[in-house]
Amino acid sequence: MAPDLDNAFLWLERAYEDHDFQLAFLQGHEFEQLKADSRYKAMQTKLGFPPRS
């Protein structure tokens, strides 16, 4: 089953607005399916994470 990326990024935006500490794990393997989406890199930048290849 393909991931529901739109809902995933809605959740991430809400988590950002709520200052959810779990966003610290954004670069973990749990979010692997999101990494190809440009919104993932935008969220990394918003959170101040260093770019990863």
Side-chain angles (χ1 to χ4, degrees):
M1 178 189 274
D4 185 352
L5 295 179
D6 290 335
N7 277 333
F9 285 103
L10 280 174
W11 179 88
L12 289 174
E13 283 297 329
R14 286 185 193 140
Y16 178 80
E17 291 170 7
D18 291 342
H19 306 283
D20 191 323
F21 77 93
Q22 293 182 54
L23 286 172
F25 302 103
L26 184 65
Q27 293 184 311
H29 69 277
E30 296 87 358
F31 294 96
E32 194 66 37
Q33 294 179 327
L34 305 180
K35 292 181 180 181
D37 193 294
S38 62
R39 296 174 287 184
Y40 178 83
K41 288 185 181 185
M43 182 58 73
Q44 281 184 306
T45 301
K46 197 180 228 186
L47 292 167
F49 289 163
R52 296 182 78 174
S53 49

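Any value given below was found using the heavy atoms of this structure, including those in side chains, with hydrogens, waters and symmetry copies removed. What you see is a predicted model, and the numbers here were worked out from it, not measured in a lab.
The CZ atom of R39 lies 9.5 Å from the CG atom of L12; values are rounded to the nearest 0.5 Å. The OH atom of Y40 sits 8.0 Å away from atom CZ of F49, with the distance rounded to the nearest 0.5 Å.
Between Q44 and L23 there is no side-chain heavy-atom pair separated by less than 4.5 Å. Using a 4.5 Å cut-off on side-chain heavy atoms (C-beta onward), E13 and K46 make contact.
What you find for M43 and L26 is that their closest heavy atoms are CG-CD2, 3.6 Å. Of all heavy-atom pairs spanning F25 and E30, the tightest one is O-OE1, 4.4 Å. Pairing each heavy atom of D37 with each of F9, the nearest pair is CG-CE1, 3.7 Å. In plain terms, the two heavy atoms of L34 and A8 that are nearest each other are CD2-CB, 3.8 Å.
Salt bridge present: K35 and E32 bring a charged side-chain N and a carboxylate O closer than 4.0 Å.
When the side-chain contact (heavy atoms from CB on, under 4.5 Å) test is applied to L10, the partners found at least two apart in sequence or on another chain are N7.
The backbone N or O of D20 sits nowhere less than 3.5 Å from a side-chain atom of D18 that would complete a donor-acceptor pair.
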